[in-house]
Amino acid sequence: MMSDVEPLFTRADGSYVFARWGRPIVPVIFGVDDASLAMFKGAIEAVVGLAGHKMAETDPELGANVMVFFCREWAELGEVPNLDKLVPDMPSLIIKLQKADANQYRIFRFDDAGAIQAAFVFLRMDEHLSAVAADTLALSQAVQIILLWSDTAFDTKPPLALLEGNAVLRPEIADVIRAAYDRVMPAAAQDASHAMRLAARIRPPS
C-alpha cells in the first residue's frame with residue numbers, strides 16, 4: 001500500500017526523494033580478501049538481477065561507478081590515492097564520521113535526469129559490523145545502493161530478515177525494488193504521488 005511505500009523515500013526533513021540507477025552498474029570493492037570480494041559482487045549481481053537492471057564491465061566516465069571501501073579506522077580513507085578527487089571535501093567527511101562514531105556511510109552522485117550515476121560506500125569494520133556475517137553485510141549493502149532510499153527507511157525495520165538462519169531480502173522490499181525499475185516508472189521523482197504509482201505495481205491482484 002502507498003502508506004507502506006511512501007516512508008521508504010521520505011527523508012527526515014519530510015521531503016520525498018526517489019532515484020534509481022540510470023546506467024549499468026560496475027562495482028569495485030577495496031580492502032577485502034578474494035572470498036569476500038566474490039561475495040560482495042555476487043550480492044550486487046543478485047540485487048541488480050532482481051531489479052531487472054544491468055551490470056557492465058566498465059563505466060565510460062568513472063571506470064567503476066560503485067566503489068565500496070572497507071577500513072578499520074576512518075583515517076585510513078585519507079590515505080587512499082585520488083579518493084579526494086572522487087569525494088568532495090574528504091578530510092571534513094572523515095572528521096564528521098569520526099565524531100559520529102559511524103560505521104558506514106554512503107554517497108550518491110546523480111546525472112542530469114536525477115538518476116543515480118555513482119555510489120560510494122564506506123564501511124568501518126568496528127565490533128558491530130565485524131560481528132555481521134559477510135554474506136549478510138554484502139546483501140544489505142547491495143540493497144541499500146540499488147535505490148536512493150530515505151535516510152530513515154530502515155531505522156526501525158531492516159531490509160533483510162532471517163529465514164532458517166540465513167539472511168534474505170524481505171519480500172516487500174524486493175517488491176518495491178522490482179516496481180521501482182519498471183520501465184514505465186521515472187528514474188527520479190520528488191513528489192509523493194510517485195509512491196502511489198509504485199504501490200499500484202506491487203499491490204496483489206484482486
Side-chain angles (χ1 to χ4, degrees), residues 4-12 16-32 36-56 64-70 102-110 114-125 128-182 185 187-189 194-195 198-199 201-202:
D4 298 322
V5 174
E6 188 173 348
L8 295 174
F9 305 103
T10 302
R11 304 190 66 78
Y16 185 92
V17 183
F18 165 88
R20 71 183 187 197
W21 284 84
R23 60 182 60 198
I25 291 176
V26 184
V28 61
I29 295 92
F30 300 95
V32 295
S36 297
L37 174 64
M39 193 173 294
F40 256 80
K41 287 192 173 181
I44 293 172
E45 288 175 359
V47 174
V48 169
L50 167 71
H53 194 51
K54 296 179 180 179
M55 296 188 69
N65 53 32
V66 171
M67 300 185 187
V68 183
F69 297 87
F70 283 82
N103 61 15
Q104 56 185 295
Y105 191 74
R106 282 170 291 277
I107 300 173
F108 292 87
R109 280 188 186 176
F110 306 92
I116 299 173
Q117 181 181 48
F120 303 90
V121 181
F122 304 106
L123 300 171
R124 180 174 69 88
M125 298 305 290
H128 174 71
L129 281 191
S130 296
V132 178
D135 57 344
T136 300
L137 182 60
L139 181 57
S140 174
Q141 296 303 318
V143 170
Q144 292 185 80
I145 61 170
I146 195 66
L147 294 172
L148 181 66
W149 305 96
S150 160
D151 53 344
T152 62
F154 304 120
D155 280 358
T156 58
K157 196 173 184 180
L160 307 185
L162 284 178
L163 179 63
E164 298 180 352
N166 297 313
V168 296
L169 182 57
R170 283 168 36 208
E172 62 269 31
I173 297 301
D175 288 342
V176 170
I177 293 171
R178 279 190 289 260
Y181 278 85
D182 188 311
M185 295 295 289
H194 171 266
L198 275 180
R201 281 160 177 78
I202 62 179

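For the single chain, residues carry numbers from 1 onward in sequence order.
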Please identify each residue that fulfils salt bridge (Lys or Arg N to Asp or Glu O under 4.0 Å) with Arg109, with sequence neighbours left out. none

Apply salt bridge (Lys or Arg N to Asp or Glu O under 4.0 Å) to Arg124 and list each qualifying residue two or more places apart in sequence or on a separate chain. Asp101, Asp126

Check ring-ring contact (aromatic ring centres under 6.0 Å, His included) between Tyr16 and all other residues, then give those that pass, not counting sequence neighbours. His194

Checking Phe69 now: which residues fulfil ring-ring contact (aromatic ring centres under 6.0 Å, His included) with it, not counting sequence neighbours? Phe30, Phe122

Residues which pass side chain to side chain contact (heavy atoms under 4.5 Å, CB included) with [X], listed by chain and number, not counting sequence neighbours:
X      : value
Ala38  : none
Pro24  : Lys54, Ala56
Ala179 : Leu198, Arg201, Ile202
Arg170 : Lys157, Ala161, Glu172, Ile173

Do the non-hydrogen side-chain atoms of Asn65 and Phe120 ever get within less than 4.5 Å of each other?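 The answer is no, as the side chains (C-beta and beyond) never meet within the 4.5 Å cut-off.
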
Qualifying salt bridge (Lys or Arg N to Asp or Glu O under 4.0 Å) pairs, either residue in residues 132-155, two or more places apart: Arg11-Asp151

The criterion is side-chain hydrogen bond (donor to acceptor under 3.5 Å, both in side chains); which residues satisfy it with Ser150, sequence neighbours excluded? Thr152

Could you pull out all residues at least two apart from Gln144 that satisfy side-chain hydrogen bond (donor to acceptor under 3.5 Å, both in side chains)?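 Per chain and number, Gln144 pairs via side-chain hydrogen bond (donor to acceptor under 3.5 Å, both in side chains) with Arg106, Ser140.
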
Please report the interatomic distance CE(Met67) to CD1(Ile107), rounded to the nearest 0.5 Å.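 CD1 of Ile107 is found 12.0 Å from CE of Met67.
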
Kindly state each residue pair satisfying ring pair (Phe, Tyr, Trp, His ring centres under 6.0 Å) with at least one member in residues 145-178, sequence neighbours excluded.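 Non-adjacent pairs meeting ring pair (Phe, Tyr, Trp, His ring centres under 6.0 Å): Phe9-Trp149, Trp149-Phe154.
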
